[in-house]
Amino acid sequence: MNTVQPNDPFIYTPKEPAPQAMRGVHSVLTLAAWVLYAYLWLPLITVVAWVLGVRTSYVEIYLRNNQVDETIFLVILVLAVIATALLVGWAEYNRRRFSGPDRRSNPGNVELPAVAESLGAPMDLSTRVSHAKSMTLAMGEDARLSGIHRETPFAM
């Protein structure tokens, strides 16, 4: 992977971040550009929709009999109500299932001898494991902890 050096003459790196108002103006301009871009795609989307059958459904529903078939709209309404009920029901089911106490809370401390016993490692490795934020473990042939390659200590 190619990394850019901070002193690269082709990359502009400002000395201080832009003010909040300027970032807001840039965000609004970016949004306007995306809206314009999407607007320019509308004719192609219209052509694709007509090709895929929107025109055919209009002919079948209205033009063939020169009147609107009420049963079609009733069926569409019933399907919309069913889809809405399913969506709301699924959301409510998930809300009830996942609400309550936060399961990501701190599980509590484990004593060092218990860590050493569960890892099958000496006590000094257990101490290093308990004091590190992240690490790369070295495993022996018997799939037991034999050492630590790298470790990142907790910031104190």
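In what follows, residues are counted from 1 in the order of the sequence shown.
- I76 is linked by a side chain to side chain contact (heavy atoms under 4.5 Å, CB included) to I72, counting only residues two or more places apart in sequence or in another chain.
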Considering only distance and modelled atom types, tabulate donor-acceptor pairs under 3.5 Å from the side chains of residues 84-91, sequence neighbours left out.
residue, atom, partner, partner atom, Å
T84, OG1, A80, O, 2.8

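- Between P122 and A116, the shortest heavy-atom contact is O-CB, 4.3 Å.
- Taking W41 as the reference, Y37 meet the side chain to side chain donor-acceptor pair (under 3.5 Å) condition, with sequence neighbours excluded.
- For the atom pair L31 CG and L36 CG, the distance stands at 11.5 Å (nearest 0.5 Å).
- The environment of M139 atom CE is dense: over 12 non-hydrogen atoms of other residues, nucleotides or ligands sit within 6.0 angstrom.
- Of the inter-residue distances, the one linking L74 atom CG with L79 atom CG reads 9.5 Å to the nearest 0.5 angstrom.
- Partners of D142 under the salt bridge (charged side-chain N to carboxylate O under 4.0 Å, His left out) rule, at least two apart in sequence or in another chain, are R144.
- Note: L137 CG to L125 CG = 9.0 Å, rounded to the nearest 0.5 Å.
- Judged as a salt bridge (Lys or Arg N to Asp or Glu O under 4.0 Å), the pairs with a partner in residues 77-93 (not counting sequence neighbours) are, in order, E92-R95, E92-R96.
- For the pair P17 and R23, the tightest heavy-atom approach, listed with the atom from each and the gap, is CB-NH1, 4.4 Å.
- Of the listed residues (L52, T46, V48, V47), just one forms a side-chain contact (heavy atoms from CB on, under 4.5 Å) with W50, and that residue is T46.
- The side chain to side chain donor-acceptor pair (under 3.5 Å) check on T71 picks up D69, with sequence neighbours excluded.
- Side-chain contact between T30 and S27: absent, with no pair of heavy atoms (C-beta onward) separated by less than 4.5 Å.
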